[in-house]
Amino acid sequence: MSIEDKKFYDPNIDRKSKIYNDSFKALPDGTPLPSIIEISNSGICNRKCSFCPRSDPDYDHAHEFFSNDLHDKLCNDLAEYNFNGIFAYCGFNEPLLKKDIFRDIEFARKTMPDSKIEIVTNGDVLSKVRLKNLYDAGLTTLLISVYDGKKEEDQFHEMCESLNLKKSQYIIRNRYLPEELDFGLTLSNRAGNLSNAEHKIDQSNKYIDKQCTYPSYMFFVDYNGDVLMCSHDWSKEMILGNLNKDDFLSIWKSKNSNFAREKLNSGSRCFKPCNKCDVVGDLVGSKHVKAWDEVLKR
């Protein structure tokens, strides 16, 4: 299995790969730090896209939000290591539904001045005023996923251009392409969680002997403080820790985290949820994998 098997390749992957490499940082003992922190800041979204697990009738939509205290704790933890990678509000939700998002961005910018603060949004609640407030708060880049069509795409371009935003400050991604082009996504089965979605993709019957680098460069936090192995684990089967109990570094270097890295870096997906996942997981993060290999073999 390779990226050639997929029908669409998101050019944003190359942008992120460069940022991950440029922001690579390791502790004195050689342990690489993540180059992207993802926060799924609530349990809700205003859409149920056909290719998303939220279109499964049994999906649990939780009207809960990432607390300000946990958000600030994570930022302060990362500030100790001068985090300079991507600090992203995205995940399993629509991040702009959190009313405190402007406060959160301001705090993240204050504590991590060298980070690239990003939001991935469907744009449904965007307005020119809100867009300006996001950048005034300290946002670096806004990624807008357009699901409806060319008309909406043009409207978002006009909105961003009206504020004289630089091309590096916003990315508009067409997610309304036809099914035969994977809707404009680098599509996966979301670790086996599309079996009952509107656009069904069955879970893999046999785990794929293919490297996956996600746990080597990504730190993914759910709205309740749970740290998941990666952003594809929609069933939340492998929880590495919780920020209510532990700090960032202890979770990042935990036994379960290293177990996942050791298996996936060697190309073995023989454990849950990875044994059900068909994601092409080796597109970025090779620099982190190499560093982790040195650490884990000691």
Side-chain angles (χ1 to χ4, degrees), residues 1-13 16 38-64 88-98 118-126 142-157 170-205 208 212 214 220 222-223 228-237 272-281 283:
M1 182 180 182
S2 66
I3 189 60
E4 287 75 20
D5 299 322
K6 298 296 181 182
K7 303 167 189 174
F8 180 84
Y9 180 83
D10 190 341
N12 185 52
I13 293 170
K16 290 194 297 185
E38 287 198 19
I39 298 177
S40 191
N41 67 5
S42 78
I44 58 173
C45 185
N46 61 306
R47 286 184 177 249
K48 297 179 182 178
C49 299
S50 64
F51 45 77
C52 175
R54 286 187 177 275
S55 66
D56 183 335
D58 297 325
Y59 188 85
D60 181 21
H61 305 273
H63 198 88
E64 298 179 38
Y89 303 93
C90 51
F92 306 147
N93 67 339
E94 168 48 54
L96 292 183
L97 295 180
K98 187 175 189 287
E118 299 189 354
I119 291 177
V120 179
T121 177
N122 58 37
D124 288 351
V125 299
L126 266 183
L142 183 69
L143 293 90
I144 306 174
S145 300
V146 184
Y147 296 111
D148 295 325
K150 184 68 167 57
K151 177 183 176 182
E152 288 73 21
E153 177 194 351
D154 291 342
Q155 289 172 347
F156 286 126
H157 275 292
Y170 68 96
I171 298 172
I172 297 178
R173 308 185 298 177
N174 299 335
R175 300 308 197 217
Y176 57 83
L177 298 185
E179 182 177 336
E180 55 268 25
L181 290 177
D182 285 342
F183 308 101
L185 299 102
T186 306
L187 198 61
S188 79
N189 68 1
R190 312 295 177 96
N193 288 287
L194 289 181
S195 297
N196 199 34
E198 185 178 335
H199 176 72
K200 292 179 173 59
I201 303 178
D202 290 332
Q203 67 183 42
S204 299
N205 293 322
I208 301 166
C212 185
Y214 277 94
F220 185 93
D222 205 4
Y223 65 89
L228 308 182
M229 186 184 62
C230 88
S231 54
H232 288 267
D233 185 13
W234 280 73
S235 57
K236 307 176 184 182
E237 289 189 73
K272 294 181 179 181
C274 304
N275 59 344
K276 300 173 287 186
C277 188
D278 70 350
V279 69
V280 182
L283 299 178

To the nearest 0.5 Å, what is the distance between [atom1] ([X]) and [atom2] ([Y])?
X: D148; Y: R47; atom1: CG; atom2: CZ; result: 4.0 Å
X: L143; Y: N12; atom1: CG; atom2: CG; result: 5.0 Å
X: F51; Y: L187; atom1: CZ; atom2: CG; result: 8.0 Å
X: I172; Y: H157; atom1: CD1; atom2: NE2; result: 4.0 Å
X: K236; Y: L228; atom1: NZ; atom2: CG; result: 7.0 Å
X: R190; Y: S231; atom1: CZ; atom2: OG; result: 8.5 Å

If only atom types and distance count, is the side chain of N189 paired as donor or acceptor with the main-chain N or O of I201 below 3.5 Å? no
Side chain R175, main chain G184, donor-acceptor under 3.5 Å: yes
Quick one: does [X]'s side chain get under 4.5 Å of [Y]'s, heavy atoms only?
X: C52; Y: W234; answer: yes
X: V120; Y: S145; answer: yes
X: M229; Y: P273; answer: yes
X: N193; Y: Y59; answer: no

Might you work through the side chain to side chain contact (heavy atoms under 4.5 Å, CB included) test for L126 and F156, ending with a clear yes or no? CA-CA 9 Å; L126 266 183; F156 286 126; 4.3 Å; yes
Taking every non-hydrogen atom, the tightest pair across [X] and [Y]:
X: Y214; Y: G281; result: CE1-CA, 4.0 Å
X: P53; Y: L194; result: N-CD2, 3.5 Å
X: A197; Y: K200; result: O-CG, 3.0 Å
X: S40; Y: F220; result: CB-CZ, 3.9 Å

Checking Y176 against E152: is there a side-chain donor and acceptor pair closer than 3.5 Å? no
D233 bridged to K276 by N-O distance under 4.0 Å: no
Got a salt bridge between D10 and K16, using NZ or NE/NH1/NH2 to carboxylate O under 4.0 Å? no
Quick check: are there more than 12 heavy atoms from other residues, nucleotides or ligands sitting under 6.0 Å from NZ of K272? no
Which residue pairs satisfy the salt bridge (charged side-chain N to carboxylate O under 4.0 Å, His left out) criterion with at least one member in residues 52-61, sequence neighbours excluded? none
Output a table of donor-acceptor pairs, distance under 3.5 Å, between side-chain atoms of residues 88-97 and any protein atom two or more places apart or on a different chain; print 'none' if there are none.
from, atom 1, to, atom 2, distance (Å)
Y89, OH, H71, NE2, 2.7
Y89, OH, D104, O, 3.4
N93, ND2, N41, OD1, 2.6
N93, ND2, S42, OG, 3.3
E94, OE1, T121, OG1, 3.2
E94, OE1, N122, N, 2.8
E94, OE1, N122, ND2, 3.3
E94, OE2, L96, N, 3.0
E94, OE2, T121, OG1, 2.8

Parallel, tilted or perpendicular: rings of F183 and H199 (30°, 60°): perpendicular
